[in-house]
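Single-structure report; data block below.
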2 protein chains.
Amino acid sequence: MLDLPDDILEPPGRSPVARDVARRAGVSTATVSRVLNGSAGVRADKREAVMRAAQDLGFVANGAARALSTRRFMAVGAVVPNIENEAFVRVLSSVQDRLRQAGYTLIAANAGYDLEDELREATFLLERGVDGLMLVGDIHHPDLYARIARSGIPMVQTFSLSREHPCVGFDNAASAARAANYLMDLGHRRIGVISGQRKDNDRGGARVTGIAQALAARGLRLAPEHDIEISYGIGGGRDGFRQMLAGGPAPTAIICGTDQIAFGAMIEARARGLSVPGDLSVIGHNDSDFAPFLDPPLTTIRIHSAEIGHAAGDHLIARIQGRPVVRLTEIDAELILRASTAPPRRGAG
Amino acid sequence: MLDLPDDILEPPGRSPVARDVARRAGVSTATVSRVLNGSAGVRADKREAVMRAAQDLGFVANGAARALSTRRFMAVGAVVPNIENEAFVRVLSSVQDRLRQAGYTLIAANAGYDLEDELREATFLLERGVDGLMLVGDIHHPDLYARIARSGIPMVQTFSLSREHPCVGFDNAASAARAANYLMDLGHRRIGVISGQRKDNDRGGARVTGIAQALAARGLRLAPEHDIEISYGIGGGRDGFRQMLAGGPAPTAIICGTDQIAFGAMIEARARGLSVPGDLSVIGHNDSDFAPFLDPPLTTIRIHSAEIGHAAGDHLIARIQGRPVVRLTEIDAELILRASTAPPRRGAG
DNA sequence: ACGGTTTCTGAAAGCGCTTTCAGATAGCCA
DNA sequence: TGGCTATCTGAAAGCGCTTTCAGAAACCGT
């Protein structure tokens with residue numbers, strides 16, 4: 001066999017390890033590690049040598065080995081009901097923002113509004129090894145809490161408030177109630193709700209409850225035929241409103257679980273010859289990008305997803321690093337008034 | 001100190017390891033590993049014992065140790081230009097679908113249409129130890145290719161075609177040209193383009209080029225004042241169309257980089273008293289959820305993001321597992337005709 | 001009952017990094 | 001220059017799993 005210099009002999013399959021850097025720099029792997037992790041107490045010349053050797057070799061520390069050794073994965077998991085939903089995408093993106101700054105990676109997973117699936121996905125993340133976990137909502141599989149507790153990693157819930165678990169969110173019932181009160185103040189008395197799936201979804205459920213209670217507080221009730229649960233999306237909104245009309249006298253105002261649903265309902269209303277807001281006031285949830293551009297612009301409950309994400313990210317990082325945190329961070333939703341709401345026509349209320 | 005049974009003495013901080021399971025089941029860690037990884041050749045009674053012990057202890061294998069030992073991280077990275085963009089979210093979601101089935105995890109990162117940022121993010125993923133990498137487009141930092149090569153992991157590009165690198169996508173120039181030809185067939189002769197950022201974005205660039213060439217092939221040209229580059233989003237679309245009108249005679253048709261841009265352009269057109277498609281035909285890109293629900297429903301180039309994601313996921317898994325793959329998978333985009341396009345008014349062309 | 005297989009199993013050697021610990025060096029003052 | 005700190009440094013011991021290898025156990029036919 002020919003005697004070639006190391007650089008060339010090196011089979012391309014094997015990437016350089018700390019040992020190689022150490023050899024090349026004429027130091028031990030301990031020193032390599034010290035240099036590469038910025039710990040003080042390495043003489044300048046050796047530090048220099050290590051740096052150069054690492055550079056030359058294109059050395060990249062093996063993440064698994066590091067994780068095994070430090071018992072830190074430098075990763076945080078997040079399980080959201082629907083990874084394609086605008087609000088959740090935004091929260092993921094903002095959590096990641098914060099994590100990235102702290103050197104952490106976000107691993108996102110999809111639970112599809114199903115507690116069992118959520119348990120499966122979260123378990124998967126836990127097995128992979130994450131240093132923290134973000135969940136959505138306050139209702140989860142009991143086993144999930146047990147597993148999280150056993151794993152000993154911090155967890156934070158988002159988008160709703162909780163008295164049991166650390167959380168960053170808002171009071172879904174209260175904010176929906178606020179919308180209902182606003183409609184009642186305008187003079188509406190027949191108010192309907194079109195929500196997405198409520199099963200395994202405390203936010204959706206709380207919103208409807210909040211609305212029902214707000215109505216009750218003023219001597220009104222949420223008629224069953226005006227309380228519709230459909231699948232998310234524009235199509236869902238159309239179907240939902242159609243269904244509502246089929247059920248009896250039309251409401252003069254509706255509150256929808258998302259802006260997409262509201263959009264669908266508005267389309268259906270128009271198709272039925274109802275004008276918005278003349279015949280029907282519509283309120284959405286989320287303040288999606290398109291909400292101000294609908295015709296008419298949509299009144300909606302703005303959920304500050306980005307802020308929630310930032311706060312959740314900060315919370316997890318802090319706990320991972322052993323810093324103190326507040327258990328509950330409230331980032332209130334906000335009713336954004338636009339043109340899709342107005343007083344009911346005289347005599348219609 | 002009291003003599004309590006192991007179960008209780010166990011400090012909650014330390015989670016059980018294979019050794020604990022082995023001890024409890026009365027076998028060695030080798031056997032534990034064999035059982036938990038489903039490898040054959042373990043007698044039924046021992047297998048049973050291990051299973052129960054693992055169950056009782058709530059044992060979860062340490063991912064880092066496993067990764068270190070098997071040299072498989074069981075994770076794939078994906079860097080997309082904008083994690084909040086519908087098309088990319090969909091692709092991520094469908095890649096993840098496939099990965100999940102194969103037991104892999106997706107780690108997504110955001111490049112923000114910037115080659116340097118993309119390099120940074122991808123490097124970060126590489127350092128973490130992903131087993132494969134998905135990128136968007138065929139234009140990347142040269143160092144990135146070098147690092148991927150050195151790391152020896154498979155990479156696949158998406159959303160465009162490439163002769164150099166494995167890819168799953170479509171011919172952006174050709175599909176945009178198809179849209180232009182369709183408009184010309186309708187009789188349009190003044191056709192404009194509103195695209196998102198083109199720098200560091202081969203897809204956007206290719207689309208405009210494709211349109212310009214299609215026009216040229218019929219003796220027309222893309223006037224500079226009809227070639228607008230703006231930021232993505234509905235607002236961008238409005239601004240873009242406004243800018244286009246300021247530049248000179250209005251086009252009779254426009255092709256937009258996304259449906260959001262098209263939506264914005266339509267809003268602006270209406271605000272200017274132009275009717276769609278009467279005075280202006282509009283074509284978008286992506287076939288977003290809302291496209292069929294706009295007024296009028298939007299003609300658009302449907303990009304099969306989910307299929308692209310599935311194919312990309314399959315491609316990576318196959319290569320990770322050493323199975324053969326095709327270098328180039330074409331998943332053609334499709335022109336979806338709706339009501340936002342029509343022949344130009346007589347004499348306007 | 002016995003040698004020859006075939007199956008199972010455990011000891012032990014990694015995987016590549018971090019970190020402790022003790023020894024080596026350098027620095028300093030008298 | 002010698003002795004005593006204050007710094008640096010490397011050897012080695014993990015981290016928790018997988019996997020090889022060789023020995024033990026079980027099985028078989030005669």
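Chain identifiers are assigned alphabetically (A, B, ...) following the order of the sequence lines, protein sequences preceding nucleic acid strands; residue numbering begins at 1 within each chain. Worth saying up front: this structure is predicted, and the values here are computed from it rather than measured.
Taking CZ of A/Arg150 as the start and CG of B/Leu57 as the end, the distance is 8.5 Å to the nearest 0.5 Å.
Judged purely by atom type and a 3.5 angstrom limit, A/Ser69 has no side-chain atom pairing as donor or acceptor with the backbone of A/Ala65. When atom types are taken as modelled, the side chain of A/Ser94 and the backbone of A/Arg90 share a donor-acceptor pair closer than 3.5 angstrom. No side-chain donor-acceptor contact under 3.5 Å links A/Asp200 to the backbone of A/Asp114.
In this structure, A/Arg71 atom CZ and D/dA13 atom P are separated by 17 Å, rounded to whole Å. A/Arg47 places its CZ atom 10 Å from the P atom of D/dC8, with the value rounded to the nearest Å. Summarising the geometry, the separation between CZ on B/Arg72 and C1' on D/dG16 is reported as 20 Å, rounded to the nearest angstrom. Atom P of nucleotide C/dT9 and atom CG of B/Asn37 are separated by 16 Å, given to the nearest angstrom. When the C1' atom of C/dG16 is taken as reference, atom CZ of A/Phe59 falls 8 Å away, rounded to whole Å. C/dG16 atom P lies 9 Å from atom CG of A/Asp20, rounded to whole Å. When the P atom of C/dG16 is taken as reference, atom CZ of A/Arg23 falls 12 Å away, rounded to whole Å. D/dA26 atom P lies 10 Å from atom CG of B/Asp45, rounded to whole Å.
Nucleic acid contact for A/Ala30: base, since at least one base atom lies under 4.0 Å from a heavy atom of the residue. Contacts of A/Val27 with the nucleic acid, taken as non-hydrogen atoms under 4.0 Å apart, involve only primed sugar atoms and P, OP1 or OP2.
Under a cutoff of 6.0 Å and an axis angle of 45°, B/Arg128 and B/Phe73 do not form a cation-pi pair.
In this structure, of D/dT19, D/dC15, C/dC17, it is D/dT19 that holds the atom nearest to the side chain of B/Thr70. Checking C/dT9, C/dT20, C/dG16 against the side-chain heavy atoms of A/Leu68 singles out C/dG16 as nearest. Listed nucleotides: D/dC17, D/dT19, C/dT18. Nearest to the side chain of A/Thr29: C/dT18. When distances are taken from the side chain of A/Lys46 to each of C/dG16, C/dT9, D/dT9, the shortest belongs to D/dT9. The side chain of B/Val17 approaches D/dC17 more closely than any other nucleotide in the set D/dC17, D/dT9, C/dT18.
Counting heavy-atom neighbours within 6.0 Å of A/Gln321 CD, excluding the residue itself, gives a total above 12.
Between B/Thr31 and C/dG10 there is a side-chain N or O to OP1 or OP2 distance below 4.0 Å. In this model, the phosphate group of D/dC17 is not approached by any side-chain N or O of B/Ser69 to a distance below 4.0 Å at OP1 or OP2. Side-chain N/O atoms of B/Arg66 include one lying less than 4.0 angstrom from OP1 or OP2 on D/dT18. For C/dC15, neither phosphate oxygen OP1 nor OP2 lies less than 4.0 angstrom from any side-chain nitrogen or oxygen of A/Asn62.
Judged by closest nucleotide on DNA chain D, B/Val60 is the one of B/Arg34 and B/Val60 placed further toward the 5' end. Nearer the 5' end of DNA chain D, as judged by each residue's closest nucleotide, is the contact made by B/Ala64, out of B/Arg43 and B/Ala64. Along DNA chain C, the nucleotide nearest to B/Gly26 and the one nearest to B/Ala65 differ in position, and the one closer to the 5' end is contacted by B/Gly26.
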